[in-house]
Amino acid sequence: MEHFSEEDLGRLLSKLQLEEKVLLLTGRDSWSLHPLPSIGLRSIVVSDGPAGVRGDVWDERSPSANFPSPTALAATWDRAAVRTIGWGLGSEARRKSVDVVLAPTVNLHRSPYGGRHFEAFSEDPVLTAELAGEYVRGIQEYGVGATLKHYVANESETERFTVDVRVDERTLRELYLLAFESPVTEAGSWLVMSSYNSINGVTASENELLTRPLNDEWGFDGVVISDWTAVRSLESAHQAQDLAMPGPTSAWSESLLEAVRTGDVSEAAIDRKVLRILRLAARVGALGGPSPDVPAPVDVRMIARTVSISGSVLLSNDGILPLPPAPSIALIGEGARVARSQGGGSATVIPEAVVSPADGLRRRFGEDAIAWAPGAVVDRRPSPLPLTEVADLSGAPGVSVRYLDTEGVELGRETRRATTIVSFEGSSMLTRAATVEMSFRYTPRRPGSTPLAVIGLCDFEVHIDGSAATAGSIRLRPGDDFATSVLTPPFTAIELPVAAGGSDVVVRFTPVPGGVPDAVALGVGSPAPALDGDALIAEASALAASREVAVVVVSTSAEVESEGFDRQTLSLPGRQDDLVRAVVAANPRTIVVVNTGAPVVLPWRDDVAAILAVWFPGQEFGDALAAILSGDAEPGGRLPTTWPSAENEVPVSAVTPVEGRLDYAEGIHVGHRAWLAAGRAPAYPFGHGLGYTTWAVDSIEAPAALEPYAGVRVAATIRNTGARCGKVVVQFYLERVSASGVDRPVRWLAQFETAHLAAGEVRAVETTISGRRFAHWADGWTVEPGAYRVVAALDVADPGKHADLVIG
Ligand code: BGC
């Protein structure tokens with residue numbers, strides 16, 4: 001940016017023709033903007049996050065680091081740790097020539113049923129805003145833009161393109177806007193993404209909220225990019241909506257040019273948008289000149305591993321953890337072998353390799369220490385055909401793919417090491433082809449009649465050893481939308497007569513429209529086995545009984561936690577609860593590793609020896625887990641979201657719109673505030689997490705009086721009462737003491753600090769609570785005079801130690 005002053009940008013703007021300006025306001029394709037050679041502007045490339053940087057292709061040949069998902073980041077409660085993730089993303093973006101990362105997601109976990117919560121940080125706006133700010137800073141230090149999304153009130157997925165969220169201004173300001181505010185005003189995010197939903201009757205890309213508070217109050221000088229297709233009409237051109245994605249056509253395109261020519265939209269409105277995109281271009285180095293001076297790339301694997309450890313939350317532990325040296329372990333769970341490192345949807349990245357729990361534990365404890373059993377069927381979607389069982393036409397692991405046009409003329413061919421291929425690129429061979437032919441030599445472990453899943457929205461024919469075997473059609477499922485049609489594509493299972501020694505298989509796909517325009521996902525896989533649940537559980541229990549310790553990895557699946565839909569239940573899918581009960585009956589020394597992006601109910605929680613929530617931990621999952629179980633490292637996480645005891649206890653559960661509207665009727669009482677207001681005890685409260693030592697808050701010091709709107713310095717004296725060094729997260733909550741005419745939460749999070757203390761160490765952990773944290777919204781931020789209590793606690797349910805202060 002330093003190479004271009006605002007005057008320079010103004011000069012560049014003045015050189016542009018109207019046609020060029022309007023062209024710039026809609027994407028060139030799914031992941032890039034138009035270049036404007038007349039002013040030396042190259043194309044700006046954008047890519048999803050937030051758990052990695054996918055790049056402008058969805059292709060296993062261009063792998064990406066997969067970092068822990070944002071719930072795991074939030075569970076660190078550690079600004080410095082989240083900053084390192086920003087560096088990791090910045091490094092990845094530069095390696096992949098990406099200018100803008102479409103992350104972080106700062107929507108709140110309003111209800112645990114929200115299907116996309118793994119992508120967002122927390123139910124708490126302060127924790128979200130603070131950590132999102134670090135994430136933004138880390139990315140932008142690399143000269144790469146961060147995108148706060150989805151602005152605003154986009155907390156659930158049901159009817160996500162059309163839902164009208166009804167929410168009062170106070171709730172918006174104190175919760176949902178607050179999560180965006182300091183990442184804009186303090187961290188200075190270069191982009192904000194407008195959401196699909198409406199807020200109080202007006203769709204986000206046309207909503208006044210883009211002007212006030214975002215621009216007028218917060219001084220945002222960056223680009224408001226739309227969520228994909230969220231620009232719906234010319235109305236948004238009048239608003240502070242700057243860029244319509246994806247391209248090459250949008251609701252703006254030609255009609256916007258026409259509207260400016262007829263005077264319906266002013267050229268000044270267009271100039272304002274273009275100038276912002278030019279400012280972004282200058283920031284990311286897309287306007288030429290010397291490349292931005294950015295830090296060296298960081299070690300992404302090390303960061304992914306360290307942050308996974310730091311965000312893993314030890315929910316309970318009867319002393320079994322850390323494990324003694326050389327344990328013999330029954331490792332149980334489908335997810336112990338095929339790791340679920342990330343949630344599904346647009347956030348998906350394709351890592352080069354994922355360290356599964358089985359890999360990590362074998363590496364740490366030795367091959368013989370670990371015996372595995374699947375225990376339960378979790379994922380009912382097809383899995384990729386193992387590369388050990390498929391060979392392309394040259395005999396190498398993989399499949400050969402030919403792309404044909406409507407005349408049968410070959411557009412191109414390639415070999416792939418993935419058995420499902422995806423493209424969001426209108427110009428790719430996959431999206432242009434009328435027919436896609438996938439050929440491979442198939443040698444499944446057990447030949448004969450072999451189930452095969454055919455995947456994607458298509459008509460298909462399957463040929464085996466030169467003869468037609470079967471044909472069929474796959475269409476959208478009820479409820480499929482824009483994203484699910486490609487990201488969790490429909491499939492059908494067929495039986496293939498595979499010869500002993502293998503067969504040559506050709507699958508000819510004819511893609512059919514109906515899903516995402518210009519996007520295709522096609523492939524083959526192994527259907528989930530129809531295994532006998534009782535037999536799997538019996539096998540796992542027998543294994544558990546034969547070993548010193550059982551480690552059960554339970555998880556959600558892509559069918560349950562992905563973009564595009566909400567969760568129907570908070571229970572673990574399949575028979576995993578039965579599995580845990582049976583395993584613990586066989587061996588009380590059972591540790592459960594919960595591998596989900598959001599809270600689940602754990603009905604057996606009081607019966608097992610330890611529970612560790614690892615979230616979606618990213619590609620270094622297994623090594624991080626082994627470090628924790630062995631005690632090489634401490635699980636440093638604290639819950640960023642309340643874990644409910646039972647579904648019927650959840651205070652905010654409505655995520656299904658009624659007649660198109662979703663009422664945020666609970667107002668400011670969301671998450672831990674709602675649990676406290678209802679007087680209910682969850683399974684594990686917000687802020688809870690044990691680690692490997694124990695803590696006491698000895699005292700807190702704060703001044704007795706405070707001017708309204710002034711910040712306050714407080715210090716909590718913390719004691720490590722255990723026998724090993726550890727990480728503490730000191731949580732500072734506020735409460736209203738004197739009577740107040742204003743409805744306030746019972747207590748609310750105002751600040752937090754992490755510290756590492758040696759065994760027995762006592763330390764004063766100091767922090768500043770800003771004046772704003774005392775305020776509520778009443779047509780403006782207002783601090784009510786009176787008595788407030790500052791509490792230093794180890795979770796939201798902990799009485800902790802308090803000091804009272806009087807304001808005014
Ligand atoms: C998601 C966004 C994402 C975009 C591009 C949308 O469906 O809501 O979060 O950035 O797709 O993939």
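Hydrogens, waters and symmetry mates are skipped; everything else that's a heavy atom, side chains included, is used. Indexing begins at 1, ligand by ligand and atom by atom, following the structure's order.
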K.L.:
Is the distance between the ring centroids of Trp31 and Phe424 under 6.0 Å?
P.N.:
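For Phe424 and Trp31, the ring centres are under 6.0 Å apart.
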K.L.:
Is there side-chain contact between Val144 and Arg94, with heavy atoms separated by less than 4.5 Å?
P.N.:
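Sidechains of Arg94 and Val144: in contact.
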K.L.:
Got a salt bridge between Arg381 and Asp379, using NZ or NE/NH1/NH2 to carboxylate O under 4.0 Å?
P.N.:
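The answer is no: the pair does not qualify as a salt bridge.
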K.L.:
Compare Thr229, Val101, Asp48 and give the one whose heavy atom is closest to atom 10 (O) of ligand 1.
P.N.:
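Shortest heavy-atom distance from atom 10 (O) of ligand 1: Asp48.
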K.L.:
Do any N/O atoms on Asp227 end up under 3.5 angstrom from N/O atoms on ligand 1?
P.N.:
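Min N/O separation from ligand 1 is below 3.5 Å for Asp227.
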K.L.:
Give the numbers and elements of all ligand 1 atoms closer than 4.0 Å to a heavy atom of Lys149.
P.N.:
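Once the distances to Lys149 are compared, the set is 2 (C), 3 (C), 9 (O), 10 (O).
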K.L.:
With backbone taken as N, CA, C and O and side chain as the heavy atoms from C-beta onward, which portion of Glu157 lies under 4.0 Å from ligand 1: side chain, backbone, both, or neither?
P.N.:
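Looking at Glu157 and ligand 1, no heavy atom falls under 4.0 Å.
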K.L.:
Is the number of heavy atoms from other residues, nucleotides or ligands within 6.0 Å of CZ (Arg661) greater than 12?
P.N.:
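Check fails, neighbour count at 12 or below.
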K.L.:
Return yes when atom CZ of Arg301 has more than 12 non-hydrogen atoms of other residues, nucleotides or ligands closer than 6.0 Å, and no otherwise.
P.N.:
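No - once you tally the heavy atoms of other residues, nucleotides and ligands closer than 6.0 Å, there are 12 at most.
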K.L.:
How about Tyr176 and Tyr664: are their ring centroids closer than 6.0 Å?
P.N.:
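Yes.
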K.L.:
Closer than 4.0 angstrom: is that true for some heavy atom of Trp58 and an atom of ligand 1?
P.N.:
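No, Trp58 has no heavy atoms under 4.0 Å from ligand 1.
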K.L.:
Any idea which part of His150 is under 4.0 Å from ligand 1, heavy-atom wise: side chain, backbone, both or neither?
P.N.:
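The part of His150 near ligand 1 is the side chain, not the backbone.
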K.L.:
Of Glu563, Arg116, Met193, Arg160, which has the heavy atom at the shortest distance from atom 9 (O) of ligand 1?
P.N.:
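Looking at heavy atoms only, Arg116 sits closest to atom 9 (O) of ligand 1.
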K.L.:
Is there a polar contact between ligand 1 and Trp31, counting only N or O atoms under 3.5 Å apart?
P.N.:
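No, since none of the N or O atoms of Trp31 sits under 3.5 Å from an N or O of ligand 1.
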K.L.:
Inspect the surroundings of CD in Glu169 and state if more than 12 heavy atoms from other residues, nucleotides or ligands are less than 6.0 Å away.
P.N.:
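Yes.
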K.L.:
Measuring from the heavy atoms of Tyr196, does anything fall under 4.0 Å of ligand 1?
P.N.:
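Per 4.0 Å heavy-atom rule, Tyr196 contacts ligand 1.
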K.L.:
Check this for me - ligand 1, Glu119, N or O atoms closer than 3.5 angstrom, yes or no?
P.N.:
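Min N/O separation from ligand 1 is not below 3.5 Å for Glu119.
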